[in-house]
Amino acid sequence: MSELNKEVVDLVWGRTSDGGVSASIFRRWTQGFVFSEYEPTALEQFEGGPCAVIAPVQAFLLKNILFNRESSNWRQLPEEEQKTALCSTLSEILESACASLSTGFCIVTWAKGHSPDTGKLTATEPESQVQTQDKPESSKPLQEQQPTYSVAEDLSFERFHSVLHKRTILSASDLREEVLSLYHSWRGCCGVLLFLYSVILTKGIENIRNEIQDPTEPLIDPVHGHGSQSLVNLLVTGHAVSNVWDGDRECSGMKLHGIHKQASVGFLTLMESLRYCKVGTFFKSPKFPIWILGSETHLSVFFTKEMSLVGPESPSEQARRVFQSFDPEDNGFIPESLLEDVMKALDLVSEPEYVSLVKTKLDPENLGVILLGPFLLEFFPDQDSGIPDSFPIYHYNGLKQSNYKEKVEYVEGTALVLGFEDPMVRTDDTPVKRCLQTKWPYIELLWTTDRSPSLN
């Protein structure tokens, strides 16, 4: 491998002892971005693993189709519009990852004459064939080289990395043109990996290493083939941080990086319902009502067209976020010594005499702690969230085997968001619901199908 290739491989797959990963793991990642024949706006995932790239791309694709497209029938997408929608989505993610416009964007595709269907991927190929080029070539010869199938059956890990071609593009408008011209590359064999490597080189290997909490942890687990949280965060926010909370935190003298601004699409995880982590407001309350849902092993997407769900942060929501920033272990309370800091952060009256009076009221038994619930009731009582009582919802799972009759289609339903637990409207207790309850504690889901959609 060339030095550049080796750096990319180490970052993505880890420093594997034999220089590669298992053939079965690599094969699972060799698919392209393929639309479902049953749901023209949904991407298919053939096997476990690449959901770490496909689900974020699907979330941004839905954002662009639902909120940037004039047609009312968002579930019908002619082939030419599929091309435009997918390529504009890929360009958007690449632009988000770009560390500096002065360094430009990187596109990784097949070296000329070396795509899987040209028959030139032989064992005699030298192991160092990363070609670089600064000016875009005409798209015509590239399209002639494109693979005609979606998963590489005989393409080995080493061969793939020996025939990659990198080019640098200096403007966003040229990037969008180039991505559009390579539509067949993205759809064809290894399209997901070509796009992932493009994002990584556009971001910069060193920049990614500086953001990842543990630089030795690969973006793709070479044993199980799952993408890391850093990989998901890179695609969703442009930053490869390893955590999902708001801002940075100090732990034993180490600074742990989190999410620093409101994301365009959100992220919720079943791990929070099991108290393994705490997702921050920047992910829970994104700009658009689309959330990537994480289980232990898979990513799917939950979405709705109800924009009121992602309106501006209300004072009580801001107060909850600020209070929880002083409660990093998510205990639901803070030491009373921190009350003054919380009140100052919220621009509440924080004179010592008044703070002392509030302490007495919120901690009448003098236990030395301030609970979140009474604090919100004291300063932000009876605030209407503005969320409708019910709204239409959809769930996407790209894995064929996770869909009814293996047809990748959206599962439709209705969500009821209550202000309290009501046993009379209790629906089910599924992983999807438990995941959503980390944002809406008293949500109920009524699906139009006989079975609830799967998180896995």
Side-chain angles (χ1 to χ4, degrees), residues 237 241 243-263 266-269 272-273 275-287 289 307-389 417-422 436-443:
T237 71
V241 297
N243 303 296
V244 292
W245 56 59
D246 292 340
D248 298 337
R249 293 185 181 179
E250 292 277 346
C251 181
S252 302
M254 284 181 58
K255 180 176 276 192
L256 306 179
H257 300 296
I259 309 301
H260 277 267
K261 65 178 183 179
Q262 184 185 31
F267 178 81
L268 303 172
T269 173
E272 181 171 351
S273 71
R275 297 184 67 84
Y276 282 115
C277 68
K278 178 73 174 177
V279 178
T281 303
F282 291 142
F283 260 161
K284 278 189 178 172
S285 300
K287 295 176 183 176
M307 282 297 290
S308 64
L309 296 177
V310 291
E313 191 176 45
S314 70
S316 64
E317 289 170 334
Q318 182 196 17
R320 179 184 293 271
R321 174 172 58 81
V322 169
F323 189 100
Q324 289 175 335
S325 71
F326 287 87
D327 174 27
E329 294 182 3
D330 195 28
N331 294 315
F333 62 82
I334 57 171
E336 66 170 26
S337 59
L338 293 178
L339 179 61
E340 184 176 344
D341 294 334
V342 172
M343 293 173 69
K344 282 181 178 176
L346 290 169
D347 289 330
L348 298 170
V349 176
S350 54
E351 299 298 327
E353 298 83 2
Y354 180 63
V355 172
S356 180
L357 187 67
V358 172
K359 282 181 184 177
T360 304
K361 186 171 183 181
L362 297 181
D363 183 20
E365 298 178 19
N366 203 26
L367 299 174
V369 297
I370 305 296
L371 297 173
L372 172 61
F375 175 82
L376 294 177
L377 280 174
E378 174 66 22
F379 293 103
F380 304 95
D382 305 322
Q383 281 216 351
D384 182 13
S385 66
I387 296 175
D389 294 336
V417 176
L418 311 172
F420 52 89
E421 187 168 13
D422 187 348
L436 296 175
Q437 282 176 326
T438 62
K439 176 169 174 63
W440 300 285
Y442 305 117
I443 193 171

Any donor-acceptor pair under 3.5 Å from [X] side chain to [Y] backbone:
X: Asp246; Y: Phe282; result: yes
X: Asp248; Y: Lys255; result: no
X: Lys284; Y: Lys439; result: no
X: Thr360; Y: Ser356; result: yes
X: Glu272; Y: Val279; result: yes
X: Gln262; Y: Pro286; result: yes

Inset, instruction - Classify the side-chain pair Thr438/Lys278 by whether it contains a donor and acceptor separated by less than 3.5 Å. - result: no
Legend entry - From Leu348, Val355, Ile334, residue fulfilling side chain to side chain contact (heavy atoms under 4.5 Å, CB included) relative to Val342: Ile334
Legend entry - Pairwise side-chain contact, Gln437 with Ser273, heavy-atom cut-off 4.5 Å (strictly under): no
Legend entry - Side chain proximity check, Leu371 to Leu362, heavy atoms < 4.5 angstrom: no
Inset, instruction - Please indicate whether Arg320 has more than 12 foreign heavy atoms, meaning atoms of other residues, nucleotides or ligands, lying under 6.0 Å from its CZ. - result: no
Inset, instruction - Any pair with a residue in residues 309-342 that passes ring-ring contact (aromatic ring centres under 6.0 Å, His included), sequence neighbours left out, goes on the list, sorted by first then second residue, please. - result: Phe323-Phe375
